Amino acid sequence: MPASARVDLSMPMPSLFTLIRKALLLAACSATSAAGAEPTLARDLHALLHAQKLAGAVVATVSGPQTELMGVGVFHTGTRQPLKADDRVQVGSIAKTVLSLAVLRLVSQGRVELDAPLSTLLPALQLDNPWATRSPVRLRHLLDMTSGLPDLQLWHVFNQGHTAQQPLALALRAELGAIRLRTEPGRQFSYSNLGFTLVGMVIEAVTGERYETWVARELLQPLGMTRSTLEFRRQGDDPELAWGHLDDGRPVADWPVAVRPAAHFTTTAVDMARLMRFVLSDGRLASQPFVRSDLMAGLGLSLTTDTARAGLRTGYGLGMFTRDRHGAVGLCHGGSVAGWRAMFCVDRATQLGFFIALNSDREDANYAQFDGRLVQHLGLALPPASAPPALPAPQTARPVDSEWTGLYVPAPGRLEALALVDRLLGFWQLDLTAGQPTLREGLGPKRTLLPAGSGLYRQADRQQATLALMRNADGQPQVGGSYVTLRRVGLWEQAALWASVALGALAMLALLPRALWQLRHHGLRSASARVPGAWALLALGAALAAWALQGWQHLAEFTPVTAAVALSSLILPLACGAQWVQAWRHRQGGGGIGWEALLALASLQLCALLAAFGWLPLLPWRL
C-alpha cells in the first residue's frame, strides 16, 4: 500500500487535550515574538520551496529574548495538509549535538572524564589502533570526530532488519573482528556516525540506562524540550510527525538504523529554539550550573588536529561545527535522513540563531539558499564593506607554497565503501603558481584563494582561513581543510587509475558482442568455450538489475537476490581467467592470441582493481 494511502488510515482525530495543548503552544509562540514571523521571510521561503520543488519547512529563529516560529509548505504532499510550526520533524545528525551535550552533562556531574580512554569505558570494544601506545582513543575524540573510526557502512542504514530496540553493539559487527582505525586519534577530523554510536554506548555504560531514557530525563526535560526525543518515531504512528519526501515528491516513512544515536532525533521548532538558547548560554539553567562553562566554551573548537595546529579556526569540536558560510561564522550542525534536511546554527557574539527542517530530500536542491536567507534575516552576514571581494586582485603565491600545486584526493574518504569513487571523482586541483591561486573540486568551477597567513589560504567568499598547507609523516605535501584532509597524487598515478577503469569497462562491454560474433560464426559451443566471460557478465548484470529492483531501502540486506549478486561477482573473474586460458591454448594450437585473450586480460585487471577496493566479490550485506 503506498504511503499516501496509509496516512489516512493511521492519523486519528486529535484528542481534546491535544487541541488545548496546541492552542496554548501557539499562544506562547505569539507571546515570545515581537510581531510574529516576518512576512517577507515567509514569502521568500515559500518561493524557495516552489523553486526547489520541496514540500515544506519549519523554522525557528532567536534574537535576544525574541523567538520567531513558522511553518511553510505541506505536512504531506498527498493530503496537502499544511505544515505548522509546532509539528514534529526529523533532524537526523543534529542528534549528535544533543548527545554531546548529554556527555558534557555527565562530565559536569563528575561521572566521567572527557579525556578518559575508551578502553576503560567500553572494555569489550575491539579496536585495531596502530598508535595505541601514544594515542589511545579517548571520549573527547568521539565528540570531536577525531577518533580515526570509520563512518557508517551501507548495511547500517539500507537494511530493514534493524529495530529501534536492538543493542547498540550490533552496529560493531563483533564477529568481523576489531575495527581498524584509519588515522591516529586526535590528529585528523573524519566524520563518523559509528563514533557517535559509541557515544551512546558510553552513556549507557556510565548510567546503566538506555541512552534515550537518560538523555530525555537528565537533559531534554531540564531544557524544556518536552516534545523532543531520541527514541525512534515513525510517521503514521505519531500523527504530529510530518512526513519526509523523496526526489519525486513521494512521502517516505523513517525506519530504524543500526547507528541510531547518530541519526534519530525527533523535535519541534519550539524545542530547537530552547536548545539554541542553551547553546548560546554559559551552561547555566535558572542561574544554577548545569554544564560547566569551560565545556560550553569548547563547542565547535578543534584543538588537537593537525589543521588546528596549522592555524585553521573552523572545525568540529564537542558535537558542533564552527561553520563559515554566507558571510557569517557560527556554531552549527546539519542533519540529513531519508526525506529530510535540517540545519541548526547560533552566533554567540550576537546571541542570534536559526533552525530549519525541510521535509524533502532532493539531490538537486540547493539547501544552502535557505540557510543564506535566514542569515540575511538575522543580520548575521558582514556588511559588504567588510566582506572579502568576490574577485580579488591577483596575488603572487610565495615560492615555498608553489610546492603544493598539484592533484589531491581525500585521505581518507568518508565512506570506505565508496573509496574507489572518491579516487576517481573526488579529486581536487590546487594551483598556487598562477597569478591568482585557485582550488577546484573535480570538474567544478575554480574557487579563488587569498593568502591568509603563513601556509594558510581562504576562499574569497569566506571570513576565515579555509585551507592549510601541511606535510605528512613522510614529508610529502598535504592539504588540510576544516573537514577534510587531502593527499597529493601524481597525475600519472591518477591517469593510470582512470585508464584502468576505462579500459576494463570497455573490455567488459565488448565481451557480449564478441560472444555474439562467435555464436554467429562458430556456433553455441564455440561461443561458450571461447568467451565465457560474456555469459558471466550477463549473469552479473541480471543479478544487479534484480538488486536494483529490490529497492534502495533494502540494498544492504542478505536476501536471495544479494546472494546471487555475490555469487555472480565471484564467477566473473573466474570466467575471465578461464577465457584467457582457453585463448592461450588456442594460441599454442597455432590460432593466434585473438581478441578473446585481450578482452579477458583487460577485464581481469579491472577485477583486480575492484578487489583491491573491496568491491569484488560484491557482498552487499557487508558494504
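Note that the coordinates shown come from a computational prediction; the quantities given were computed from them, not determined experimentally.
Closest heavy-atom contact between Ala95 and His264: CB-O, 3.8 Å.
Under the 4.5 Å side-chain criterion, counting only non-hydrogen atoms from C-beta, Leu430 is in contact with Leu449. Residues Val375 and Phe354 form a side-chain contact, since some pair of their non-hydrogen atoms from C-beta on lies under 4.5 Å apart. Inter-residue side-chain proximity for Thr485 and Gln478 is flagged as met; some heavy-atom pair is nearer than 4.5 Å. Two residues are said to be in side-chain contact when any heavy atoms from C-beta on lie closer than 4.5 Å; Leu223 and Arg274 fail this criterion. Two residues are said to be in side-chain contact when any heavy atoms from C-beta on lie closer than 4.5 Å; Leu456 and Pro451 fail this criterion. Side chains of Arg138 and Leu118 form no contact here, defined as non-hydrogen atoms less than 4.5 Å apart.
Put simply, the side chain of Arg309 gets close to the backbone of Thr304: a donor and an acceptor are under 3.5 Å apart. The backbone N or O of Leu106 lies less than 3.5 Å from no partner atom in the side chain of Glu218, so there is not a single donor-acceptor pair. Between the Gln351 side chain and the Ser281 main chain, no donor and acceptor come within less than 3.5 Å of each other. In this structure, Asp474 contributes its side chain and Gln476 its backbone to no donor-acceptor pair below 3.5 Å. Under a 3.5 Å cut-off, the side chain of Arg348 and the backbone N or O of Val279 do form a donor-acceptor pair.
Atom SG of residue Cys345 and atom CG of residue Leu331 lie 8.5 Å apart, to the nearest 0.5 angstrom. A distance of 13.0 Å separates OG1 in Thr448 from OH in Tyr457, rounded to the nearest 0.5 Å.
A salt bridge (charged side-chain N to carboxylate O under 4.0 Å, His left out) check over residues 441-456, counting only residues at least two apart or in different chains, returns the pairs Glu441-Arg447. Applying the side-chain hydrogen bond (donor to acceptor under 3.5 Å, both in side chains) test to pairs two or more places apart or on separate chains, none has a residue in residues 318-329. Under the side-chain hydrogen bond (donor to acceptor under 3.5 Å, both in side chains) criterion, the residue pairs touching residues 104-118 are Asp115-Arg140, with sequence neighbours excluded.
Residues that satisfy the side-chain hydrogen bond (donor to acceptor under 3.5 Å, both in side chains) test with Thr267, not counting sequence neighbours, are Ser228. Taking the ring-ring contact (aromatic ring centres under 6.0 Å, His included) definition, one finds that Trp498 meets it with Phe427, sequence neighbours left out. Residues satisfying the side-chain hydrogen bond (donor to acceptor under 3.5 Å, both in side chains) criterion with Glu231, sequence neighbours excluded, are Arg210. Partners of Arg284 under the side-chain hydrogen bond (donor to acceptor under 3.5 Å, both in side chains) rule, at least two apart in sequence or in another chain, do not exist in this structure. For Tyr191, there are no ring-ring contact (aromatic ring centres under 6.0 Å, His included) partners at least two apart in sequence or on another chain. Applying the ring-ring contact (aromatic ring centres under 6.0 Å, His included) criterion to Phe278, with sequence neighbours excluded, gives Phe290. Scored by the side-chain hydrogen bond (donor to acceptor under 3.5 Å, both in side chains) test, Thr229 finds no partners at all (sequence neighbours excluded). With sequence neighbours excluded, the residues forming a ring-ring contact (aromatic ring centres under 6.0 Å, His included) with His333 are Tyr316, Phe321, listed by chain and number.
Checking Gln153 against Arg173 by side-chain atom types alone, no donor-acceptor pair falls below 3.5 Å. Side chain to side chain, Ser100 and Thr97 fail the donor-acceptor criterion of an N or O pair below 3.5 Å.
Heavy atoms from other residues, nucleotides or ligands lying under 6.0 Å from CH2 of Trp492 number 12 at most. Atom CZ of Arg313 is surrounded by 12 or fewer heavy atoms from other residues, nucleotides or ligands within 6.0 Å.
A salt bridge is absent between Arg488 and Glu403; no separation between the charged side-chain nitrogens and carboxylate oxygens falls under 4.0 Å. In summary, Arg187 and Asp306 engage in a salt bridge, as defined by a charged side-chain N under 4.0 Å from a carboxylate O.
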Item to complete: Could you check Gln52 against Gln369 for side-chain hydrogen bond (donor to acceptor under 3.5 Å, both in side chains), going step by step and ending with a plain yes or no?
Response: CA-CA 10 Å; Gln52 302 290 340; Gln369 290 186 359; 3.2 Å; yes
Discussion item. Run the side chain to side chain contact (heavy atoms under 4.5 Å, CB included) test on Leu443 and Leu425 for me, step by step, so that the C-alpha distance in whole Å, both residues' side-chain angles and the decisive distance to 0.1 Å come before the verdict.
Written reply: CA-CA 9 Å; Leu443 301 177; Leu425 304 176; over 6 Å; no
Fill in: Derivation and outcome, side-chain hydrogen bond (donor to acceptor under 3.5 Å, both in side chains), residues Gln459 and Thr466
CA-CA 7 Å; Gln459 290 180 207; Thr466 53; 4.6 Å; no
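Ring-plane geometry between Phe158 and Trp255 is classed as tilted, the angle between the planes lying from 30 to 60 degrees on a 0 to 90 degree scale.
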Donor-acceptor contacts, no H, no angles, side chain residues 193-205, under 3.5 Å, sequence neighbours left out:
{"from": "Asn193", "atom 1": "OD1", "to": "Lys96", "atom 2": "NZ", "distance (Å)": "2.7"}
{"from": "Asn193", "atom 1": "ND2", "to": "Asp151", "atom 2": "OD1", "distance (Å)": "2.8"}
{"from": "Thr197", "atom 1": "OG1", "to": "Asn193", "atom 2": "O", "distance (Å)": "3.0"}
{"from": "Glu204", "atom 1": "OE2", "to": "Tyr211", "atom 2": "N", "distance (Å)": "3.1"}

